[in-house]
Amino acid sequence: MNSASQRISCGTATPSLLASTVTLAGWVHRRRDHGGIIFLDLRDHEGITQILIAPTQVEVFAQAESLRSEDVVRIVGRVQARPAGTENERLSTGAVEIAAEQLTVLTRSATPPFPVANDDDIDETVRLRYRYLDLRRTRMQRNLRTRHRVIKVLRDYFDQHGFIEVETPLLIKSTPEGARDYLVPSRIHQGEFYALPQSPQLLKQILMIGGIGRYMQIARCLRDEDPRADRQPEFTQIDVEMSFIEQEDVMQIMEGAVVTAWRDALGIDIPTPLPRLSYEEAMRRFGNDKPDLRFGLELVDVAELFADSSFTTFRDVAAQGAATRIIALRYPGAASLSRRDFDALQERAKEFGAKGLAYITIGPEIRGPIAKFLSEQERTGILAVTGAEDGDAILFIADRKNAASDVAGRLRNEIGERLGLRDPARFAFCWVVGFPLFEHDPETGAITFAHHPFTAPLPGQEAHFDSDPLSLRAQHYDLVLNGFELGSGSIRNHDAAFQRKIFHHLGLDDTEIENRFGFFTTALTYGAPPHGGMALGIDRVVMLACGETSIRDVIAFPKNQNARDVMMDAPSPIPAANLKELHITISEVQPDQK
RNA sequence: GGCGUUGUAGCUCAGUUGGUUAGAGCGCCGCCCUGUCACGGCGGAGGUCGAGGGUUCGAGCCCCUUCAACGUCGCCA
């Protein structure tokens with residue numbers, strides 16, 4: 001290498017370097033070979049610089065002719081202004097080019113299976129198999145850098161607010177509630193298993209008992225459940241816990257965290273305070289405990305309009321009062337949809353769990369299968385409460401309260417999607433508070449916790465604790481963005497006896513409590529401070545910040561929807577000797593498996 | 001586990017009512033080209049039509065089974 005040359009990156013070739021000799025290295029982004037002259041676009045993590053290979057440089061020219069996409073080269077050359085009229089305004093380095101004097105091929109690349117030089121959509125399996133090539137592309141470079149900046153800003157924010165980062169172990173005890181655990185067999189202890197943490201929940205609470213005061217961690221969490229676009233077997237939370245605080249304190253800190261992240265990492269100002277909705281209100285207006293507030297189209301209760309209706313289906317539902325809902329949902333512009341379209345919409349509603357979907361269309365006349373049942377008074381009332389206009393359709397969902405809300409909420413999101421109202425460049429945050437403490441498990445009918453069993457109820461409900469547990473509200477708060485739950489938190493029970501009472505409500509006897517949570521209930525007896533916290537799903541935060549629709553696009557090495565790493569091919573069988581050492585025998589292997 | 005969509009060249013896709021030898025663009029290989037920047041021109045190679053079975057004189061196309069990817073429901077304290 002020329003010792004007199006200055007090392008620069010492919011993103012920093014500027015006119016200030018004119019006439020100096022520089023060294024730069026990178027990947028061959030593109031080669032434009034004109035026969036008598038060759039242009040190389042050289043790329044590294046900072047940008048692209050054009051290299052000029054002149055025919056007078058005989059040896060360099062001969063080597064450049066052999067270059068192919070993604071070969072790795074080092075160039076020594078002089079920075080020169082591009083001839084007038086040949087500047088490239090789309091490149092930050094487009095005013096200059098490097099006239100190559102030396103060219104060293106550092107590595108040859110095999111022909112890439114897909115183009116690295118653009119962000120065209122490629123089958124995701126292929127992207128993941130060759131993830132190192134995908135990571136070179138602009139999209140993943142940008143996403144991972146955004147991810148870094150968001151995490152960096154959050155770490156700094158919590159540091160400035162007196163939090164310290166504490167690492168918690170990955171090999172912990174299985175506590176078989178909630179999600180399925182990933183298990184790790186113990187070699188030393190035959191037949192025993194560690195679990196990988198679904199979250200550091202109990203550990204961070206014990207850190208509070210340990211006097212840490214303000215804890216945060218960029219924490220990896222592992223749950224053995226089926227992946228989705230917004231769920232991975234392993235994912236990252238920014239996990240927070242605080243002592244001697246109340247719900248409002250945690251919400252203020254976390255609100256500040258996301259607003260700071262958007263401002264300092266993304267350059268976007270989010271108006272504060274963030275809107276707050278009660279759980280009841282969210283379900284009533286949006287049919288969802290994570291409402292997408294980028295658009296209106298709110299759910300409208302119309303049961304009272306049908307109290308004396310000749311449409312008996314609705315009248316019967318309305319007669320059941322508060323246990324049921326009849327919801328009207330405006331679908332702007334849908335009056336022109338065909339019968340087929342509405343049939344498809346009804347199918348969709350049934351997929352969402354609806355028993356049926358009634359609808360009318362608004363125009364000079366009100367039409368639709370149920371129109372003939374509607375009195376003039378009902379028609380007027382419906383138009384008034386929904387605000388529907390000519391050209392709209394109105395959908396009706398009538399069912400038990402929770403089912404109707406849920407179906408209508410899903411339909412609302414679907415309509416918002418169809419109408420293009422879910423603009424990824426808009427960020428509509430909100431808090432949802434006042435969740436129930438307990439709920440019915442729809443399968444067993446038993447009482448289960450709505451969030452987790454360590455959540456404290458709102459104070460002042462003692463009178464109902466035993467008589468009507470389902471009426472209890474929790475000190476539990478969710479942060480929601482654009483219809484995604486970004487994070488969930490609560491004030492925790494810090495009284496050992498009360499925590500035990502909660503466990504009893506959930507059907508655990510003292511022996512089970514001792515076996516599963518004994519270490520924790522014991523810790524609570526030694527002066528646990530009042531405490532609470534929250535965790536934000538970083539992958540979802542960054543996904544939305546990047547305008548992506550899958551968290552796989554903001555994770556360097558994600559699993560596919562079958563929980564498989566297709567680059568490494570994991571999971572994979574292991575040698576019998578390893579199994580033996582772990583005291584494991586495989587009881588059955590399906591014959592079609594490899 | 002259920003449902004939906006998709007599966008054709010390395011990549012992105014087209015392929016009519018079932019009908020001769022399955023196509024395009026990009027990429028790849030060769031030749032030409034001195035100011036391009038998605039350089040251009042000429043030529044060429046490249047296919048288990050996801051897999052298996054069936055119907056048919058004949059299947060990329062129709063039927064059955066199956067696999068995979070993505071989306072979704074269940075699931076995700």
Side-chain angles (χ1 to χ4, degrees), chain A residues 29-42 48-56 61 65 68-70 80 82-91 93-94 97 99 110-118 120-130 133 174-181 197-199 201-202 221-233 235 344 347-348 350-353 406-407 410 413-414 417 438-439 441-443 448-455 476 485 488 490 502-503 506 508 516-517 535 537 549-550 552 560-564 566 592-593:
Chain A
H29 189 68
R30 287 200 176 86
R31 183 181 65 119
R32 291 180 293 281
D33 184 344
H34 290 241
I37 188 171
I38 299 171
F39 298 100
L40 298 179
D41 287 343
L42 200 64
I48 291 173
T49 293
Q50 176 166 285
I51 311 295
L52 171 68
I53 315 284
T56 50
F61 194 90
E65 284 184 306
R68 295 294 181 268
S69 292
E70 301 309 310
Q80 61 186 40
R82 296 201 191 182
T86 66
E87 301 89 349
N88 186 342
E89 291 182 1
R90 288 186 299 153
L91 284 183
T93 61
E97 63 194 5
T111 300
F114 57 86
V116 173
N118 65 46
D120 291 352
D121 280 342
I122 302 295
D123 179 84
E124 197 168 0
T125 304
V126 178
R127 288 175 59 200
L128 292 179
R129 180 170 301 131
Y130 302 94
L133 296 177
S174 177
T175 56
E177 270 76 32
R180 200 173 292 116
D181 282 326
Q198 298 175 26
S199 83
Q201 179 62 34
L202 290 174
C221 304
L222 301 107
R223 298 177 188 175
D224 186 5
E225 300 291 348
D226 288 1
R228 289 284 191 281
D230 64 346
R231 284 174 12 201
Q232 281 273 295
F235 61 101
E347 274 310 304
R348 198 88 180 108
K350 282 177 185 167
E351 285 170 26
F352 293 152
D406 181 54
V407 170
R410 290 169 189 264
N413 280 339
E414 169 113 2
E417 185 72 39
F438 298 121
E439 58 191 23
D441 183 323
E443 283 179 19
T448 183
F449 36 84
H451 179 42
H452 59 49
F454 316 107
T455 299
H476 165 195
E485 179 196 308
S488 208
S490 65
I502 297 275
F503 282 138
L506 296 170
L508 296 182
R516 296 185 190 182
F517 303 109
T549 56
S550 162
R552 293 187 298 271
N560 72 5
Q561 196 168 134
N562 211 14
R564 182 165 282 284
V566 296
D592 60 328
Q593 284 185 342

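Reminder, nothing fancy here: chain letters follow the sequence lines and each chain counts from 1.
A/Gln198 places a side-chain N or O within 3.5 Å of a backbone atom of A/Ala179 that can act as its donor or acceptor partner.
Base pairing of B/C62: its partner is B/G54, meeting the Watson-Crick or G-U wobble criterion (both donor-acceptor distances under 3.5 Å). For B/G40, the paired base is B/C32 (Watson-Crick or G-U wobble, both distances below 3.5 Å). Nucleotide B/C75: unpaired (no Watson-Crick or G-U wobble partner with both distances less than 3.5 Å). The partner of B/A69 is B/U5, by the rule that a Watson-Crick or G-U pair needs both atom distances under 3.5 Å.
Ion pair A/Arg231/A/Asp226 not flagged as a salt bridge, since none of the NZ, NE, NH1 or NH2 atoms sits closer than 4.0 Å to an Asp/Glu carboxylate oxygen.
Taking the ring pair (Phe, Tyr, Trp, His ring centres under 6.0 Å) definition, one finds that A/His452 meets it with A/Phe454, sequence neighbours left out. Remark: A/Glu70 engages A/Trp27, A/Arg43, A/Ser109, A/Pro112, A/Val116, A/Arg136 in a side chain to side chain contact (heavy atoms under 4.5 Å, CB included) (not counting sequence neighbours). With sequence neighbours excluded, the residues satisfying side-chain hydrogen bond (donor to acceptor under 3.5 Å, both in side chains) with A/Arg516 are A/Glu177. Checked against side chain to side chain contact (heavy atoms under 4.5 Å, CB included), A/Thr86 has the following partners two or more places apart in sequence or in another chain: A/Arg82, A/Pro83. Judged as a ring pair (Phe, Tyr, Trp, His ring centres under 6.0 Å), and not counting sequence neighbours, A/Tyr130 has no contacts. Residues meeting the side-chain hydrogen bond (donor to acceptor under 3.5 Å, both in side chains) test with A/Glu351, sequence neighbours left out: A/Arg348. Qualifying ring pair (Phe, Tyr, Trp, His ring centres under 6.0 Å) partners for A/Phe61, counting only residues two or more places apart in sequence or in other chains: none. For A/Pro115, the side chain to side chain contact (heavy atoms under 4.5 Å, CB included) criterion is met by A/Asn118, A/Ile122, not counting sequence neighbours.
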Distances under 3.5 Å between protein N/O atoms and the N/O atoms of nucleotides 42-45 of chain B, please, pair by pair.
none

Under 3.5 Å between N/O atoms: give me all the protein pairs with nucleotides 39-41 of chain B, atom names plus distance.
| from | atom 1 | to | atom 2 | distance (Å) |
| --- | --- | --- | --- | --- |
| B/C39 | OP2 | A/Arg32 | NH1 | 3.2 |
| B/C39 | N4 | A/Asp33 | O | 2.4 |

Any protein N or O atoms within reach of nucleotides 68-72 of chain B? Criterion: under 3.5 Å, listing atom names and distances.
| from | atom 1 | to | atom 2 | distance (Å) |
| --- | --- | --- | --- | --- |
| B/A69 | OP1 | A/Asn560 | ND2 | 3.0 |
| B/C70 | OP1 | A/Gln561 | N | 3.1 |
| B/C70 | OP2 | A/Gln561 | N | 3.1 |
| B/C70 | O3' | A/Arg552 | NH2 | 2.9 |
| B/G71 | OP1 | A/Arg552 | NH1 | 3.4 |
| B/G71 | OP1 | A/Arg552 | NH2 | 2.6 |
| B/G71 | OP2 | A/Arg552 | NH1 | 3.3 |
| B/G71 | OP2 | A/Arg552 | NH2 | 3.4 |
| B/G71 | OP2 | A/Gln561 | NE2 | 2.2 |
| B/G71 | N7 | A/Gln561 | OE1 | 3.3 |
| B/U72 | OP2 | A/Ala229 | N | 3.4 |
| B/U72 | O4 | A/Gln561 | OE1 | 3.0 |

At a cut-off of 3.5 Å, list every protein nitrogen or oxygen paired with a nitrogen or oxygen from nucleotides 13-15 of chain B, distance to 0.1 Å.
none

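For A/Arg68, no side-chain nitrogen or oxygen approaches OP1 or OP2 of B/G27 to under 4.0 Å.
Put simply, the residue from A/Thr448, A/Leu508, A/Leu506 that forms a side-chain contact (heavy atoms from CB on, under 4.5 Å) with A/Pro453 is A/Leu506.
Between the side chain of A/Arg231 and the base of B/C76, at least one donor-acceptor pair of N or O atoms lies under 3.5 Å.
B/C11 has no stacking from A/Phe114 on its base ring, since the centres under 5.5 angstrom apart and planes within 30 degrees of parallel are not both found.
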